[in-house]
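The block underneath contains the structure these notes are about, expressed in structure tokens.
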Amino acid sequence: MRGSLFILSVVFSVSASAGDNIAVGFSPVGSAQRLILNVIAGAGKTLDVAAYEFTSRPVADALISQSQRGVAVRLVADEKVSHDRHSLVSLLACSGVPVRTDDRYSIMHNKFIVADGVNTETGSFNYTSSAEKRNAENALAVFDNKAVAAEYNAEFERLWNESTPLTCQDK
């Protein structure tokens, strides 16, 4: 909860109903990426990330930092864009983050994070530099809600289980 209070003070927040803590952010004004980075920084045990594209150096660095701190970080990404020359998916794999790529769909277009099984971030914001600098995107985080996190975690596990491990040598 302590990390959630900090996060809520950084970005615009609303309360949907009693007990729900929700924060929103938008780009290109910077609050979407700030929200995402704060969700990542607030994790103490686990971070499960589903990403279509992944070219955001700040988000990659935050995930690597958390992994090095001992947080169990996992990433599942769309297989087709993970091999793009700007993709940081291989960097994450080579930094020790377990990465899998999903090729079952025309595009695996998810963009969400589940932190510690209680906090969830989602929205249109791809974890890319374009989402931060050039696009109109949004991010929404739901804090301290195990039911919402469980739904997203179940989807993450489904994607993870159908995906192919990416090793550092696969880059």
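Keep in mind that the numbers below use all heavy atoms, side chains included, and drop hydrogens, waters and symmetry copies. None of these values were measured; they are calculated from a predicted model.
- Glu157 is listed as a side-chain neighbour of Arg74, based on a closest heavy-atom distance under 4.5 Å.
- In this structure the side chain of Asn145 never reaches within 4.5 angstrom of the side chain of Thr120, judged on heavy atoms.
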(Q) Between Asn119 and Asp144, is the side-chain contact (heavy atoms from CB on, under 4.5 Å) condition met? List the steps. (A) CA-CA 6 Å; Asn119 300 323; Asp144 300 317; 3.9 Å; yes
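- Annotation: side chain of Trp160 is not in contact with side chain of Asp48 (no heavy-atom distance under 4.5 Å).
- Val118 and Leu35 end up in different hydrophobic clusters when Ile, Leu, Val, Met, Phe, Trp and Tyr side chains are linked at under 4.5 Å.
- Rounding to the nearest 0.5 Å places OG of Ser129 at 8.5 Å from NE2 of His86.
- Within 6.0 Å of CD in Glu151 there are 12 or fewer heavy atoms belonging to other residues, nucleotides or ligands.
- In the hydrophobic cluster analysis, where Ile, Leu, Val, Met, Phe, Trp and Tyr join through side-chain heavy atoms closer than 4.5 angstrom, Tyr152 is grouped together with Leu159.
- Between Leu91 and Ser95 the shortest heavy-atom distance is O-OG, 2.8 Å.
- The minimum heavy-atom distance linking Ser163 with Arg100 is given by the pair CB-CB, 3.5 Å.
- Taking OH of Tyr127 as the reference point, atom CD1 of Ile40 lies at 7.5 Å (rounded to 0.5 Å).
- Put simply, the side chain of Ser27 gets close to the backbone of Asn135: a donor and an acceptor are under 3.5 Å apart.
- Atom CG of Leu75 is separated from atom CG of Leu88 by 10.5 Å, given to the nearest 0.5 angstrom.
- Hydrophobic clustering of Ile, Leu, Val, Met, Phe, Trp and Tyr side chains at less than 4.5 Å, counting indirect connections, unites Ile64 with Val73.
- For the pair Phe125/Glu132, a side-chain contact is recorded, criterion being any heavy-atom separation below 4.5 Å from C-beta on.
- Annotation for Arg158: atom CZ counts as buried by contact number, over 12 foreign heavy atoms lying within 6.0 Å.
- A distance-only check finds no donor-acceptor pair linking the side chain of Lys133 to the backbone of Ala131 [under 3.5 Å].
- To the nearest 0.5 angstrom, Phe26 atom CZ is 8.5 Å from Leu140 atom CG.
- Gln66 pairs in a side-chain contact (heavy atoms from CB on, under 4.5 Å) with only one of the listed residues (Val97, Val71, Asp61), which is Val71.
- Looking at heavy atoms from C-beta onward, Phe54 lies in side-chain contact with Val59 at the 4.5 angstrom threshold.
- In this structure, a donor-acceptor pair under 3.5 Å is present between the side chains of Ser124 and Asn138.
- A salt bridge links Asp78 to Lys80: one of the charged nitrogens lies within less than 4.0 Å of a carboxylate oxygen.
- Considering all non-hydrogen atoms of both residues, Val39 and Ala141 come closest at CG2-CB, 4.0 Å.
- Formation of a donor-acceptor pair under 3.5 Å by the Asp116 side chain with backbone atoms of Gly44 is found in this model.
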